[in-house]
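Every chain is numbered from 1, with letters handed out A, B, ... down the list of sequences.
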Amino acid sequence: MNFVMPDFYPAAAEIFVAGMSLLLLVIELFAGKKKGFGFVVTLIALAGAAVITYTTADGQVSVTFSNLYISDLFGSFLKLLVYVAVAVMLVYSRDYLRVRGLDKTEYYLLVIYATLGMMVMISANHFLTIYLGLELLSLSLYTLVALDRDSSRATEAAMKYFVLGALASGLLLYGMSMVYGATGSLEISAVAQALAHGVVNKTVLVFGLVFLVSGLAFKLGVVPFHMWVPDVYHGAPTAMTLFVASAPKLAAFAMAIRLLVNGLFELAGDWQQMLMIMAVLSIALGNLAAIAQTNIKRMLAYSGISHMGFMLLGLTTGVVAGDRQFALNAYSSAMFYAVSYVVMSLASFGMVLLLSRAGFEAEKLEDFKGLNQRSPWFAALMMMVMLSMAGVPFFVGFFAKFSVLQAVVAAGYVWLAVLAVFFSLIGAFYYLRVVKLMYFDKPTDHAPITASLDMRVLLSANGLAVAALGLAPQALMSLCAFTLLRSL
Amino acid sequence: MDFTAFVFYFLSAILVFAGLRVITARNPVHAAMFLVLTFFTAAGIWVLLQAEFLAITLVLVYVGAVMVLFLFVVMMLDINLERIRQGFWSYLPLGAMVGLLMAVEMSVVLGGRYFGLEGAPGPAAAPANYSNTKELGRLLYTEYVYPFELASLILLVGLIAAIVLTLRKREDGTKRVDPAAQVRVKAADRMRVVAMPAEKE
């Protein structure tokens with residue numbers, strides 16, 4: 001009965017966001033027919049959480065809530081990025097949702113809960129916390145995808161996402177139970193300690209690891225657990241696709257780091273092999289299948305699969321023949337990749353939202369024909385994003401690929417780097433096709449682009465960020481390395 | 001074989017039988033009833049493990065609430081069994097092969113070599129005044145308060161999701177009553193005092 005009150009200070013951001021969500025519920029009750037408060041309250045919640053996260057980040061690794069919660073620089077940095085990504089997503093989606101009647105208060109509530117789920121996952125120090133954060137995020141996402149409930153396509157996408165997601169959660173839980181059986185603990189740092197002492201049963205552990213990695217691969221959307229990605233991205237309303245394709249990738253990356261690097265680092269030799277197979281398959285299949293798509297959302301989905309494969313490559317090269325000197329470099333390159341993917345993903349789906357209007361979804365590749373004549377500025381932005389995704393030098397995508405490949409080559413897997421470059425070259429075709437459609441084809445659609453000023457400004461800033469981060473990638477890269485160094 | 005072991009094997013035999021019947025019974029209502037039996041015997045095994053609170057919760061929540069709901073759904077929906085059974089035989093060879101392979105692989109890993117009794121000793125006998133419920137409650141509200149609160153938020157999300165996905169307000173001429181509007185009503189909304197000059201002959 002010797003219980004000490006936990007220290008709430010490190011988890012203040014989570015508590016604040018949860019409180020704001022309840023506040024929004026109450027406001028909704030009394031607001032009656034007034035509109036627009038959901039957007040404002042959600043942005044206030046994100047801004048407040050950002051301030052709290054920034055002030056509580058002291059560079060120390062501290063645990064609270066009986067070691068269930070960990071606060072470190074890595075988590076704080078990723079959380080700040082998540083707030084920015086969610087806020088940008090909200091601004092992009094506002095007009096789209098309003099003209100389709102989807103801007104209900106429930107939408108904003110679910111976005112807040114998804115954000116909270118991501119925050120919980122990012123600073124989890126216990127399998128239980130990871131799982132609960134994941135479920136909070138996933139349940140909110142399933143509902144968001146189904147929010148347009150009269151669209152049979154969105155309902156089908158949500159159903160697929162839900163069923164496969166439940167299966168993946170089951171796999172993850174099963175793997176966790178095996179690790180618990182082998183190490184006797186669910187706490188990530190305790191698992192790492194038990195493994196370091198080296199008396200645990202390795203067969204059971206590896207058996208559990210297979211299930212853990214499978215569950216993780218599903219959440220990242222890499223081959224062979226990628227089947228849901230194109231269908232969900234295609235079927236969901238574009239605003240929801242934008243959400244699914246952006247911030248949750250950061251949370252999934254954090255989950256991979258927490259589970260595999262913080263917890264099961266001793267087994268790196270085993271999980272690196274699994275991740276490597278998945279990475280190669282994802283890069284190959286993602287790039288090849290994207291060529292055949294005529295729908296830009298499906299194309300970006302397959303491109304996302306290949307990008308996640310690339311990100312995994314960074315995770316596979318941390319430990320070479322028991323030598324851990326490459327770990328920091330490899331993991332920070334993967335983190336840089338994840339962050340730059342989110343920036344590019346926001347810009348590309350933001351562009352699809354920009355061209356959509358009431359009763360029209362700009363989701364076919366033809367809808368981008370002749371964009372240069374309709375709006376040279378946005379055509380130029382889209383071109384920069386596409387070139388960056390293809391990995392053309394001096395955009396952020398190039399440096400992301402470059403740093404991952406550098407880690408791969410440093411670890412001695414030259415063939416892997418060659419393979420990745422080869423498939424990226426194939427992939428450059430479908431990105432360049434979009435550029436060709438925008439600049440060399442006649443427009444089929446002459447409607448003026450009607451977007452609010454805030455979205456235009458933010459989308460421009462987002463597109464320019466792709467270029468600016470490409471010109472000066474060092475700042476972000478060293479920030480990733482620094483936060484990882486102070487946290488691992 | 002002492003009495004505890006006998007009870008364990010007895011309950012386990014029923015459990016396995018009932019579990020098999022859940023998936024082999026042709027009538028969905030029968031399958032649901034066998035699931036009730038499965039839960040009930042599992043609760044018995046949990047009592048053997050000295051987890052009496054969990055055992056009672058299993059019976060109350062799953063047997064009492066969830067399964068009754070389940071039976072309602074089965075009876076309300078007219079499930080076309082013929083359509084479900086369609087293609088059973090064409091899927092069987094592949095399904096059976098994959099299932100068998102997985103079972104063999106898992107039994108190799110999970111066999112007694114790694115998960116033997118010595119690996120997981122039974123719980124020490126607790127004193128007579130030991131309360132399972134109290135211990136669980138203490139843990140939930142102290143050490144595990146963070147996941148406990150998160151679980152409550154997940155339930156809230158489930159609630160919001162169910163409402164936003166299914167609640168429809170029909171606008172077309174239904175005479176729906178809004179109690180909140182009725183309570184808020186003021187005399188001025190219902191009655192209008194009209195000043196009229198008195199009429200003279």
Side-chain angles (χ1 to χ4, degrees), chain A residues 1-6 8 11 14-15 17-18 21-22 25 29 32 64-69 104-107 109-110 112-114 116-117 120 124 126 128-129 131-133 135-140 142-144 146-147 149-150 155 158 178 181-182 184 201-208 210, chain B residues 98 101-121 123 129-131 134-171 178-181 183-184:
Chain A
M1 286 284 182
N2 43 3
F3 173 68
V4 207
M5 204 58 183
F8 293 115
E14 275 82 356
I15 296 170
V17 171
S21 75
L22 300 178
L25 266 177
L29 189 63
T64 181
F65 288 121
S66 323
N67 296 349
L68 289 159
Y69 181 98
K104 309 168 188 162
T105 315
E106 287 87 351
Y107 166 77
L109 275 171
L110 291 168
I112 295 184
Y113 283 121
L116 184 63
V120 169
H126 198 276
L128 191 59
T129 330
Y131 179 71
L132 286 172
E135 285 304 294
L136 193 56
L137 167 65
S138 303
L139 282 176
S140 310
Y142 305 147
T143 316
L144 283 174
L147 202 61
R149 56 189 184 183
D150 294 324
T155 315
M178 284 296 140
N201 185 339
K202 189 130 184 262
T203 316
V204 176
L205 261 183
V206 175
F207 184 74
V210 174
Chain B
V98 172
L101 260 178
M102 276 177 72
V104 169
E105 284 171 357
M106 285 169 75
S107 60
V108 168
V109 178
L110 303 180
R113 203 145 54 93
Y114 302 115
F115 282 92
L117 276 180
E118 64 277 4
N129 62 352
Y130 181 83
S131 164
K134 195 175 157 193
E135 278 305 299
L136 269 175
R138 195 183 65 80
L139 269 184
L140 271 185
Y141 286 100
T142 54
E143 277 192 39
Y144 290 95
V145 66
Y146 181 57
F148 185 72
E149 292 296 326
L150 284 175
S152 73
L153 286 179
I154 291 178
L155 288 179
L156 183 60
V157 168
L159 211 67
I160 294 171
I163 290 172
V164 74
L165 292 182
T166 56
L167 184 70
R168 282 172 197 273
K169 276 189 195 145
R170 282 166 53 199
E171 307 292 342
D178 183 359
V183 171
R184 274 201 300 266

Handout entry: Region of A/Leu136 that comes under 4.5 Å of a non-hydrogen atom in chain B
Key = both
Handout entry: Under 4.5 Å from a heavy atom of chain A, the part of B/Val164 involved
Key = both
Practice task
Select one option (side chain, backbone, both, neither) describing which atoms of A/Phe207 are under 4.5 Å from chain B's heavy atoms.
Solution key: side chain
Problem - Non-neighbouring partners of A/Asp150 that pass salt bridge (charged side-chain N to carboxylate O under 4.0 Å, His left out), sequence neighbours left out - result: B/Arg168
Fill in the blank from the handout: Whatever's closer than 4.5 Å to a heavy atom in chain B on A/Leu109 counts as side chain
Exercise for the section: Could you list the residues that satisfy salt bridge (charged side-chain N to carboxylate O under 4.0 Å, His left out) with A/Lys104, not counting sequence neighbours? Expected result: none
Completion exercise
With B/Pro147 as partner, the option from A/Val120, A/Leu128, A/Thr129 fulfilling side chain to side chain contact (heavy atoms under 4.5 Å, CB included) is A/Leu128
Completion exercise
Checked B/Leu150, B/Val157, B/Thr142 vs chain A; the most non-hydrogen pairs under 4.5 Å come from B/Thr142
Fill in the blank from the handout: The interface call for A/Leu116 against chain B, heavy-atom contacts under 4.5 Å, is side chain
Exercise for the section: Decide side-chain hydrogen bond (donor to acceptor under 3.5 Å, both in side chains) for A/Glu14 and B/Tyr146; before the verdict, give the C-alpha distance in whole Å, the side-chain angles of both, and the deciding distance to 0.1 Å. Expected result: CA-CA 11 Å; A/Glu14 275 82 356; B/Tyr146 181 57; 4.7 Å; no
Exercise for the section: Locate the shortest heavy-atom distance separating A/Ala158 from A/Ala146; write the atom from each residue and the value. Expected result: CB-CB, 3.4 Å
